[in-house]
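Here is the structure we will look at.
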2 protein chains.
Amino acid sequence: MLSRIGDKWSVLVVSYLGPGPMRFNELKKGIGGISQKMLTATLRNLERDGFVSRTVIPTRPVSVEYELTQLGHCLLVPVQALAQWTIANIARIDAARAAYDARPPE
Amino acid sequence: MLSRIGDKWSVLVVSYLGPGPMRFNELKKGIGGISQKMLTATLRNLERDGFVSRTVIPTRPVSVEYELTQLGHCLLVPVQALAQWTIANIARIDAARAAYDARPPE
DNA sequence: ATCCTAGGTTACCAACGGAAACCACCGGAA
DNA sequence: TTCCGGTGGTTTCCGTTGGTAACCTAGGAT
């Protein structure tokens, strides 16, 4: 169960959808490191678990909008806490990592 | 960067180490679904990133104790928030999943 | 007719993770 | 002595996952 929530792409997608609905290619461009395949798979799973809703909009080239559901917004709270913690502590992690890598290889 | 924190085993290990130090096999038994290989790898990475400390205790069969560092305890806060959210909302996720799976295959 | 864009799906392949075997150390039992 | 058990790992093999890139569908513009 934690495996779905602990999935790195899911966390990122939920974070990106926090401010408001986004289209498929917006997400893809915004997240940056994700492959199209994984983005579709991640969105399918998030939809299945009730975190996001998928809406097909009949524009000229059909566009698809993804949006957090109520449950998704609710999940966003702890997820953003984690994301903000990470941002606030990257420097400390990098420092620890550098110290670890630089220590004598016993 | 989120990839290390978003890793499901890391989240679990940090949660288990929350209350206090644990030995290798205690962790393995407690977590339950983890392979020995992944537990060692996860602990190495957590140690490298400064979240846990590794202490070899010279008992009769040498035992190894893992403990959260100050940074690890700090990370524990948002991680536990996420874990508790999950526990509190498993039912809703399961319901959404059942509804998704049961819906007409269009 | 052909191309382009949006959103996917598929084929192929490299890398990751799990299971289980093996290893090193040490003390005690046979 | 030799064997066994219990620590904390490492290695080998193999199945699954994820990335890359090509292809697909449908509508509009050129």
Side-chain angles (χ1 to χ4, degrees), chain A residues 1-17 20-49 51-68 100 103 105-106, chain B residues 1-17 20-49 51-68 100-101 103-106:
Chain A
M1 187 61 65
L2 273 172
S3 21
R4 183 114 331 128
I5 291 173
D7 173 47
K8 70 171 177 174
W9 293 131
S10 300
V11 170
L12 278 174
V13 169
V14 169
S15 300
Y16 270 81
L17 288 179
M22 286 182 87
R23 302 227 318 275
F24 186 88
N25 280 332
E26 275 185 289
L27 276 172
K28 191 177 163 218
K29 196 151 54 92
I31 295 180
I34 194 170
S35 67
Q36 196 153 351
K37 177 178 161 185
M38 279 317 295
L39 182 53
T40 39
T42 302
L43 287 168
R44 285 281 179 287
N45 284 325
L46 289 174
E47 190 194 355
R48 186 165 104 102
D49 289 347
F51 296 130
V52 308
S53 64
R54 178 178 184 274
T55 320
V56 177
I57 301 172
T59 49
R60 0 319 177 223
V62 275
S63 53
V64 182
E65 219 174 52
Y66 293 92
E67 183 176 12
L68 288 187
Y100 183 97
R103 77 179 193 187
E106 78 224 51
Chain B
M1 187 60 67
L2 274 173
S3 21
R4 182 111 336 125
I5 291 173
D7 173 47
K8 71 170 176 173
W9 293 131
S10 300
V11 171
L12 279 173
V13 169
V14 169
S15 301
Y16 269 81
L17 288 179
M22 287 182 85
R23 302 226 319 276
F24 186 86
N25 280 333
E26 275 185 290
L27 276 172
K28 191 177 163 219
K29 195 153 54 90
I31 295 181
I34 195 170
S35 68
Q36 198 152 352
K37 177 178 161 185
M38 279 318 295
L39 183 53
T40 41
T42 302
L43 287 168
R44 285 280 179 287
N45 284 325
L46 289 175
E47 189 194 354
R48 186 165 104 101
D49 289 349
F51 296 130
V52 308
S53 63
R54 179 177 184 275
T55 320
V56 178
I57 301 173
T59 48
R60 0 324 172 210
V62 275
S63 54
V64 182
E65 219 174 51
Y66 292 92
E67 184 177 11
L68 287 187
Y100 183 97
D101 292 345
R103 75 180 194 185
E106 78 223 50

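Bear in mind the structure is a predicted one, so any value in this text is a computation, not a measurement.
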(request) Walk me through it: do A:R48 and B:D101 pass the test side chain to side chain contact (heavy atoms under 4.5 Å, CB included)? (result) CA-CA 8 Å; A:R48 186 165 104 102; B:D101 292 345; 2.4 Å; yes
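- Atom CD1 in B:I57 sits roughly 12 Å away from atom C1' in D:dT7 (whole-Å rounding).
- The distance from the CZ atom of B:F24 to the CD atom of B:E65 is 14.5 Å, given to the nearest 0.5 Å.
- At C:dA6, none of the side-chain N or O atoms of A:Y66 fall inside 4.0 Å of OP1 or OP2 (strictly under the cut-off).
- Legend: salt bridge (Lys or Arg N to Asp or Glu O under 4.0 Å) pairs involving residues 26-44 of chain B, not counting sequence neighbours: none detected.
- D:dG9 atom P lies 13 Å from atom CD of B:E65, rounded to whole Å.
- Using a 4.0 Å cutoff on non-hydrogen atoms, the parts of residues 21-44 of chain B near DNA chain D are B:R23, B:F24, B:N25, B:Q36, B:K37, B:T40, B:R44, ordered by number.
- Taking OH of A:Y16 as the start and CD1 of A:I34 as the end, the distance is 10.5 Å to the nearest 0.5 Å.
- With the nearest nucleotide of DNA chain D identified for both A:T59 and B:S63, B:S63 has the one nearer the 5' end.
- Rounded to 10 degrees, the angle separating the terminal axes of the helix from C:dA1-D:dT30 to C:dA30-D:dT1 is 40°, with each axis obtained from five end pairs.
- A donor-acceptor pair under 3.5 Å is absent between the side-chain atoms of B:S63 and the main chain of B:T59, judged by distance alone.
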(message) I need a per-nucleotide contact map over nucleotides 23-30 of chain C, read 5' to 3'. Cutoff is protein heavy atoms under 4.0 Å; write B for the base, S for backbone only, - otherwise.
(response) --------
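- The NZ atom of A:K8 sits 16 Å away from the P atom of D:dT17 (whole-angstrom rounding).
- Note that CH2 of A:W9 and CG of A:L27 are 12.0 Å apart. Values are rounded to the nearest 0.5 Å.
- Under the rule for a side-chain contact (heavy atoms from CB on, under 4.5 Å), the partners of A:V64 that lie at least two apart in sequence or sit in another chain are A:R54, A:V56, A:Y66.
- Under the 4.0 Å criterion applied to side-chain N and carboxylate O atoms, A:K8 and B:D7 are not assigned as salt-bridge partners.
- Scanning for side-chain contact (heavy atoms from CB on, under 4.5 Å) contacts around B:V13 gives B:L17, B:I31, B:L39, B:T42, B:L43, B:L46, with sequence neighbours left out.
- In this model, the phosphate group of D:dT17 is not approached by any side-chain N or O of A:W9 to a distance below 4.0 Å at OP1 or OP2.
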